[in-house]
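Down below is the structure, laid out as structure tokens.
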Amino acid sequence: MVGEHSDIVRSDGRAGSNSEPSARTAFVLAGGGNLGAVQVGMLRALLEAGIVPDLVVGTSIGALNGAYLAGHAHVAGMTMLAELWESVQRQDVFPMHAGSLTRGLLGHQPYLFDSLGLRGLLARAELGFVRLEDAPIPLAVVATDLHTGEAVVLKEGDVIHALLASSAIPGVFPPVEWHGRTLVDGGVAANAPIAQAEQWDPAQVYVLPTTPDETSQPAANAIVMMQRAMALATEPAGRRALAEASARRAVHVLPVPEATEHLSIFDFKVTRRLIDESYALTTAWLDNVAADDRTVTHAPAADEPQWVV
């Protein structure tokens with residue numbers, strides 16, 4: 001089944017081993033385009049509470065935020081990340097070049113936007129390291145093999161190249177060649193890469209999603225409708241990974257602001273609101289967890305394991 005398995009890929013293209021020392025605390029950052037702004041507020045609240053990861057695993061925008069975290073795992077770093085997010089405009093990530101759009105729509109290339117703007121943004125981010133294996137906190141970036149549908153875990157190699165692969169939304173950005181494999185957005189196979197983080201056998205996992213489990217608002221436009229359809233396609237695998245992981249270790253799922261329900265991936269106008277709301281939600285959530293660390297997000301079915309949130 002697509003997305004069921006994953007490979008750890010080294011910079012030489014060979015599969016790596018899972019022999020690394022286990023991590024006590026893993027942060028798993030989900031994909032979600034511009035909605036990844038909520039993770040900035042979450043991360044600030046977690047760091048303020050003294051919760052620091054030993055391992056960071058991210059998909060798509062979660063990989064970008066995770067890479068910045070791996071190089072700046074302190075509250076001041078999250079302030080800088082928030083400033084970076086607030087500086088981003090739609091054209092920085094999705095530049096409207098008539099030639100590229102026309103070639104994509106007419107079938108002359110398999111994408112609508114080139115990735116030069118995104119590459120420039122990554123360079124401007126100043127992650128603090130050039131290669132994945134040099135990250136101060138161990139970092140794994142998840143992409144999808146376009147030919148097999150498998151999740152691919154990148155842990156060595158050029159960090160910007162890896163982040164471009166993890167963020168290559170099919171049809172939107174160009175696929176990325178990585179040592180003989182054609183890679184696209186990791187959200188296709190593992191939008192919240194919990195199973196991939198388990199390969200390091202962490203004692204506890206903090207999952208930072210970008211959208212709520214359920215939505216009550218009608219889709220505002222075609223883009224939001226498309227996003228929801230893609231999320232629904234990956235939801236069963238995500239729920240299964242969450243349930244399986246929770247049977248083996250503590251899994252904490254952070255809350256997401258309701259505002260994310262009706263925003264499209266092209267909307268960068270409410271970044272500060274998303275950061276502030278997620279920070280407030282996470283701070284309150286941490287207070288509740290401190291009082292009762294067995295709170296669950298919903299009443300599970302009889303055959304569904306409970307997980308810590």
Side-chain angles (χ1 to χ4, degrees), residues 3-10 15-31 39 42-60 62-74 77-78 129 132-143 151-156 159 162 166 186-187 189-210 237-255 282 285-286 289-290 293-297 305-309:
E4 282 286 310
H5 307 289
S6 64
D7 295 334
I8 294 180
V9 176
R10 299 158 28 131
S17 71
N18 295 337
S19 60
E20 294 87 348
S22 62
R24 174 165 176 76
T25 300
F27 281 12
V28 171
L29 288 83
Q39 294 173 342
M42 295 173 182
L43 290 171
R44 182 183 181 91
L46 288 169
L47 295 177
E48 285 183 349
I51 302 171
V52 181
D54 303 300
L55 168 71
V56 178
V57 183
T59 289
S60 196
L64 275 64
N65 285 333
Y68 198 91
L69 171 68
H72 307 82
H74 44 74
M78 295 307 98
F129 54 96
L132 291 169
E133 63 268 30
D134 295 331
I137 294 176
L139 171 67
V141 170
V142 179
V152 180
V153 182
L154 309 176
K155 60 175 185 172
E156 295 183 4
V159 62
S166 182
N191 193 55
I194 300 169
Q196 288 67 37
E198 281 202 280
Q199 296 171 359
W200 280 266
D201 193 27
Q204 59 180 344
V205 177
Y206 286 84
V207 181
L208 284 66
T210 59
R239 287 188 175 274
R240 182 168 58 251
L242 180 60
E244 292 175 353
S246 68
R248 294 185 282 267
R249 64 198 81 245
V251 180
H252 310 267
V253 183
L254 276 65
T282 304
W285 175 85
L286 286 167
V289 169
D293 64 3
R294 294 300 299 178
T295 305
V296 295
T297 52
Q306 296 187 14
W307 52 80
V308 181
V309 302

For the pair His72 and His74, name the ring-plane relationship: parallel under 30°, tilted 30 to 60°, perpendicular over 60°. perpendicular

Criterion side chain to side chain contact (heavy atoms under 4.5 Å, CB included) on Glu133 and Lys155, from CA distance to verdict: CA-CA 6 Å; Glu133 63 268 30; Lys155 60 175 185 172; over 6 Å; no

Side chains of Val142 and Asn191, heavy atoms from C-beta outward: is any pair under 4.5 Å? no

Please determine if Arg248 and Glu198 form a salt bridge, counting it only when a charged side-chain N lies under 4.0 Å from a carboxylate O. yes

Calculate, to the nearest 0.5 Å, the distance between atoms OG1 and CE belonging to Thr210 and Met42 respectively. 8.0 Å

Which heavy atom of Ser246 sits nearest a heavy atom of Ala243, and at what distance? OG-O, 2.7 Å

Can a donor-acceptor pair be found, under 3.5 Å and without considering hydrogens, that links the side chain of Gln39 to the backbone of Ala30? yes

Between Arg24 and Pro202, is there a donor-acceptor pair closer than 3.5 Å when you use the side chain of the first and the backbone of the second? no

Any heavy-atom pair between the side chains of Arg249 and Asp201 that's under 4.5 Å? yes

Any heavy-atom pair between the side chains of Leu55 and Thr25 that's under 4.5 Å? no

Can you find a pair of side-chain heavy atoms, one from Val253 and one from Leu242, that are under 4.5 Å apart? yes

Give a yes or no on whether the backbone of Ser60 and the side-chain of Ser166 come within a donor-acceptor separation of less than 3.5 Å. yes

Is any side-chain heavy atom of Val141 closer than 4.5 Å to one of Val153? no

Contact check, side chains of Leu29 and Val56, non-hydrogen atoms, under 4.5 Å: yes

So CG of Leu254 and OH of Tyr206: to nearest 0.5 Å the spacing works out to 8.5 Å

Do Val207 and Phe27 have side-chain heavy atoms sitting under 4.5 Å apart? no

Side chain proximity check, Val57 to Leu139, heavy atoms < 4.5 angstrom: no

Please assess Val28 against Leu208 for the test side chain to side chain contact (heavy atoms under 4.5 Å, CB included), listing each intermediate value before the final yes or no. CA-CA 6 Å; Val28 171; Leu208 284 66; over 6 Å; no

Spacing of CG belonging to Leu154 relative to CD belonging to Gln196, to within rounding of 0.5 Å: 11.0 Å

Can you name the nearest heavy-atom pair linking Tyr68 to Gly77, along with the distance? CE2-O, 3.2 Å

For Leu69 and Pro53 the tightest heavy-atom approach is CD2-CG, 3.9 Å

Keeping Thr59 on the side-chain end and Ala190 on the backbone end, is there a donor-acceptor pair under 3.5 Å? yes

Which heavy atom in Pro136 sits nearest to a heavy atom in Phe129, and how many Å separate them? CD-CD2, 3.8 Å

